[in-house]
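Worksheet: the structure to be examined is printed underneath.
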Amino acid sequence: MSKNKLELTPEVDVDALLLKVKEHYKDEQVSTVDGVKIDFADSWVHLRKSNTEPIVRIYSEAGSVEQARSLAESMMDVMKSFI
C-alpha cells in the first residue's frame, strides 16, 4: 500500500478534477463513494479531497509497495494533466 498527496492551488476545482479522473477511467470499475476509487485487475487507487486544505489524498494498493507507488505517481500525473 502507498499513501501520497497531490498539493493543489486554492483555485483548482477539486470536484471537477475528480470528475475528469472518473471519466478518464470510465472503462474500469469506478466507485464515487467517499471520493473516486478505481479498481484495476490487480490493484486499486482511491482519491479523496481534503475538506481543510487544497490537496487530494491518494491511497493505492498493488502487489508490491513499488507497484503501489508507481500507480500513485501515474495517477498524480493524470490529475496534473487535467489542471
Side-chain angles (χ1 to χ4, degrees):
M1 184 168 204
S2 178
K3 296 179 185 179
N4 300 273
K5 67 180 175 181
L6 178 62
E7 296 188 24
L8 306 167
T9 61
E11 300 82 37
V12 173
D13 183 344
V14 180
D15 292 322
L17 176 61
L18 293 177
L19 183 59
K20 288 178 185 178
V21 171
K22 175 188 165 196
E23 288 299 314
H24 183 76
Y25 289 100
K26 66 184 176 193
D27 294 333
E28 303 294 339
Q29 206 172 12
V30 179
S31 169
T32 55
V33 175
D34 195 27
V36 174
K37 183 178 181 191
I38 305 160
D39 283 300
F40 300 101
D42 58 356
S43 60
W44 58 261
V45 64
H46 188 192
L47 311 171
R48 295 187 66 220
K49 76 175 189 173
S50 170
N51 290 324
T52 58
E53 53 189 328
I55 64 169
V56 173
R57 297 190 190 282
I58 303 154
Y59 304 96
S60 56
E61 187 173 287
S64 71
V65 173
E66 189 53 45
Q67 290 171 329
R69 283 188 194 133
S70 179
L71 177 58
E73 288 172 12
S74 174
M75 194 59 57
M76 286 189 273
D77 289 341
V78 168
M79 286 191 287
K80 288 176 186 175
S81 77
F82 293 139
I83 298 174

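As the structure is a computational prediction, the values presented were derived from the model and not from experiment.
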In Å, rounded to the nearest 0.5 Å, how long is the span from [atom1] of [X] to [atom2] of [Y]?
{"X": "Met79", "Y": "Leu17", "atom1": "CE", "atom2": "CG", "answer": "6.0 Å"}
{"X": "Asp15", "Y": "Lys20", "atom1": "CG", "atom2": "NZ", "answer": "12.0 Å"}
{"X": "Met1", "Y": "Ser60", "atom1": "CE", "atom2": "OG", "answer": "7.5 Å"}
{"X": "Arg48", "Y": "Lys37", "atom1": "CZ", "atom2": "NZ", "answer": "12.5 Å"}
{"X": "His46", "Y": "Arg57", "atom1": "NE2", "atom2": "CZ", "answer": "12.0 Å"}
{"X": "Leu18", "Y": "Asp13", "atom1": "CG", "atom2": "CG", "answer": "9.0 Å"}

With a 4.5 Å cut-off on side-chain heavy-atom distances among I, L, V, M, F, W and Y, is there a chain of contacts connecting [X] to [Y]?
{"X": "Ile83", "Y": "Ile55", "value": "no"}
{"X": "Phe40", "Y": "Ile58", "value": "yes"}
{"X": "Leu47", "Y": "Leu71", "value": "yes"}
{"X": "Val56", "Y": "Trp44", "value": "no"}
{"X": "Val12", "Y": "Val36", "value": "yes"}

With under 30° as parallel and over 60° as perpendicular, where do the rings of His24 and Phe82 fit, or are they tilted in between? perpendicular
Strictly by modelled atom types, are Thr9 and Glu11 linked by a side-chain donor-acceptor pair under 3.5 Å? yes
Quick one: closest heavy-atom pair of Val30 and Lys22, and the distance? CG1-CG, 3.8 Å
Smallest separation among heavy atoms of Tyr25 and Val78, with atom names: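 The answer is OH-CG2, 3.4 Å.
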Counting neighbours of CD on Glu53 that are heavy atoms of other residues, nucleotides or ligands and sit closer than 6.0 Å, is the number greater than 12? yes
Within the supplied structure, the quantity of interest is the number of heavy atoms (other residues, nucleotides, ligands) at a distance under 6.0 Å from Glu28 CD; does it exceed 12?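 Enclosed.
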With respect to Met75, which candidate in Ile38, Leu6, Asn4 satisfies the side chain to side chain contact (heavy atoms under 4.5 Å, CB included) definition? Ile38
